[in-house]
2 protein chains.
Amino acid sequence: MQHLEQMSDKPTTIKEIAKLLDISVSTVSRALNDHSSIGLITKMRVKKMAKELNYEPNQRAIQFLQGKSHTIGVILPELAESFFSAAISGIEDIAYKRNYTVLLAQSHDDADREKLLIEKMKMQRVDGLLISVSKTTNTYEHFEAFKKSNIPIVFFDRIPPVKNIHFVASNLESGTFEAVNFLLKKGHRTIGMINGPTNLVASTERKNGYIKAMTSHRLKFDPSLMVNCDLTEAGTIESMDNFLNHKRKPTAIVTFNDYVALFAIRYARSLNIQINKDIDFVSYANLPLINYMDFTPIASVEQFPYKQGKKAADILLDLINKPKSDSDAEPAYYNVVVESELIIGKEK
Amino acid sequence: MQHLEQMSDKPTTIKEIAKLLDISVSTVSRALNDHSSIGLITKMRVKKMAKELNYEPNQRAIQFLQGKSHTIGVILPELAESFFSAAISGIEDIAYKRNYTVLLAQSHDDADREKLLIEKMKMQRVDGLLISVSKTTNTYEHFEAFKKSNIPIVFFDRIPPVKNIHFVASNLESGTFEAVNFLLKKGHRTIGMINGPTNLVASTERKNGYIKAMTSHRLKFDPSLMVNCDLTEAGTIESMDNFLNHKRKPTAIVTFNDYVALFAIRYARSLNIQINKDIDFVSYANLPLINYMDFTPIASVEQFPYKQGKKAADILLDLINKPKSDSDAEPAYYNVVVESELIIGKEK
DNA sequence: TAAATTTACACAAACGTTTGCACAACAATC
DNA sequence: GATTGTTGTGCAAACGTTTGTGTAAATTTA
């Protein structure tokens, strides 16, 4: 049997197989899909020919036909940020496992670009959208529009202030609570916190966790031990000075993130303060390198971005594949909070 | 005019617009695409109706029809690695700018999974593929197969040992040359290098750069000043001991990467060696945090992953859009080497 | 042996869009 | 008043695949 050397041009189609075997396309299709109504001999012939011609089903055609793209859109602010790159890693892992494909884009924290991307994703007919909204996003109608088109959205980490949405987010309150609790149990009574700007939810969560831990130990919250820092090095140093000159000098300090921890520790060392001796430090994990450093916080609050990404992707795919809203008036919304957790530094 | 409340179910199609306006689909299509042969009035009517119904062209259908997906596949080993997350960021930026869409997947350095992903990408009919091959990949026929299907591939950073391919990679030789040169100019004559395993191309490049710099200063290469390290902390310490007990004790050390630098510096400090005083350190930039640390290398070789990602994407898109190989027998291959560069530590 | 059932296949429609071609209506030219 | 040209529109095919329905031939049943 000599059928033209497979021309390395256009991919083989089901039609060509049909023509070469002198059977109908439908038979070929069914044969390839092991449909019961096709004879064994025909199946074999078709499959053999398909393999010979390197046939590969055109997914685009199938997706178009079935109105399903088997693709999820993912919009993140910035892939270079380690939190998000860890998250996308988890998202892709789940998508791969569940046989979905990931369409990726970054908003660069630009609300306009984000809006455009959402539009694009809709036109691409993604089966679902996973998004961590940009910092500058302050209108939310486009999400509503997306929702109307019956494509599920799962929000992730940065959640818009809108009702009736699915989301996965971490709660820093629990981790902060644990962190402060841990310090209290170690005997500390004067615990400073270098918190972030007051307009961040993350700052509020930290504050609440702090207060909760204090009151749970029947200690009252001293507001002067919590400073709001702009997270720069200068701001950090200022905050540290504030504490060091405080009438109640903290014996432990919780810092907003690893950068702040770094600045604070460096500054403290320059003043000959013994790290984790004179003052214990606790931070929030966001940088991979921190564990390799000389003077690191004795513990840090972990947010599990990889795990969060997986969870969010799983929820989205569940939503996509759920057995069609059985006319239930009020659908249930996934509001998953991944509790943060205190990780106590490994010795050495 | 009262046409049914837009049912928030299936997206509007061109057909519905046609029916409502009682004109043909072809007219609607042309009107929306501002085809010259459609009357102004009709155009207006169509556009108005399209807007009213929130019409959005079904890209999947168009892609299918035109046999172009306007999508590039990107396969990277590990998104959580900062080199690759910086790269994907650049890739996505270019793709976005040039109106392409990014299909992302990670191989996790698993050759089998990589093969599968390539297969998937082909079935998805991506217009091009960008890939950094996994560490375990040792057969390359699947790339050939891909190539046969006329979909361009651009290899990125980790290049397979195959002829006639497009690639973008960094060359560490130039940066290493600069680094050693820099140290020589500072007066150092005994420069140690903690290199990586010999089987890595990256190790060879470093070695070559080192030798080149030495010979350019009419110094001869002392092999005992270059050790191959397994890049663990223990290995690094061993390497350091080697140097410190050497008859020619190095006054400067080049480390394979930031982790090694960290280990080496930490160990040196534990021996009360003054960093960048008794011994100058130079490393290769791969971790964002390094700049924030107390004792950092005085300089580091930068590979510009973001820039490399952009470059690779640009090349791929050029290949995709090039005016169809005008029957030229031997196509030209892009072999772009992004030279690495020495960045001298910012003061303070 | 006729009827009923099963087996194995073909036909054709459908998905949403673009595009070559045909064609009508009307205006302009000779 | 016949020809040519222009303008605006519709028809139908095409892309690759799946799938409902129709229908011969082969097999079983009565």
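Note on naming: letters A, B, ... go to the chains in the order of the sequence lines (proteins, then strands), and numbering restarts at 1 for each one. When reading the values below, keep in mind they use all heavy atoms of this one structure, side chains included, and skip hydrogens, waters and symmetry mates.
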Nearest-Å distance for atom pair CG/P, residues B:Leu32 and D:dG8: 17 Å
Between C1' of D:dG8 and CG of B:Asp22, the distance in whole Å: 15 Å
All salt bridge (charged side-chain N to carboxylate O under 4.0 Å, His left out) counterparts of B:Asp314, not counting sequence neighbours: B:Arg98
Sugar-phosphate only, base, or nothing, as touched by B:Gly67 at under 4.0 Å among non-hydrogen atoms: nothing
Salt bridge (charged side-chain N to carboxylate O under 4.0 Å, His left out) involving B:Asp34 - partner list, sequence neighbours excluded: B:Lys43, B:Lys47
No-hydrogen, no-angle side-chain donor-acceptor test under 3.5 Å, A:Thr137 and A:Glu114: yes
Residue pairs involving residues 18-77 of chain A (criterion ring-ring contact (aromatic ring centres under 6.0 Å, His included); sequence neighbours excluded): A:Phe64-B:Phe64, A:His70-A:Tyr100
Residues which pass side-chain hydrogen bond (donor to acceptor under 3.5 Å, both in side chains) with B:His108, listed by chain and number, not counting sequence neighbours: A:Asp93, B:Glu78
Stepwise ring-ring contact (aromatic ring centres under 6.0 Å, His included) check, A:Phe155 with A:Phe143: CA-CA 10 Å; A:Phe155 293 93; A:Phe143 296 133; 5.0 Å; yes
Gap between atoms NE2 and P, on A:His35 and C:dT7 respectively (whole Å): 13 Å
With B:Asp109 via salt bridge (charged side-chain N to carboxylate O under 4.0 Å, His left out) - residues at least two apart: B:Arg158
Whole-Å gap separating P (C:dT7) and CD1 (A:Ile41): 13 Å
Value in whole Å for how far the P atom of D:dA26 lies from CD1 of A:Ile38: 17 Å
Nucleotides 16-24 of chain D: protein proximity per nucleotide (B base, S sugar-phosphate only, - neither; heavy atom, under 4.0 Å): BBBBB----
Rounded distance (Å) that lies between atom P of D:dT7 and atom CD1 of B:Ile23: 20 Å
Length of the line joining B:Lys43:NZ and D:dT7:P, which is rounded to integer Å: 12 Å
All side-chain hydrogen bond (donor to acceptor under 3.5 Å, both in side chains) counterparts of B:Asp112, not counting sequence neighbours: none
Under the ring pair (Phe, Tyr, Trp, His ring centres under 6.0 Å) test, residues paired with A:Tyr306 that sit two or more places apart: none
Bending between helix ends of the helix from C:dT1-D:dA30 to C:dC30-D:dG1 [5 pairs per end, 10° resolution]: 60°
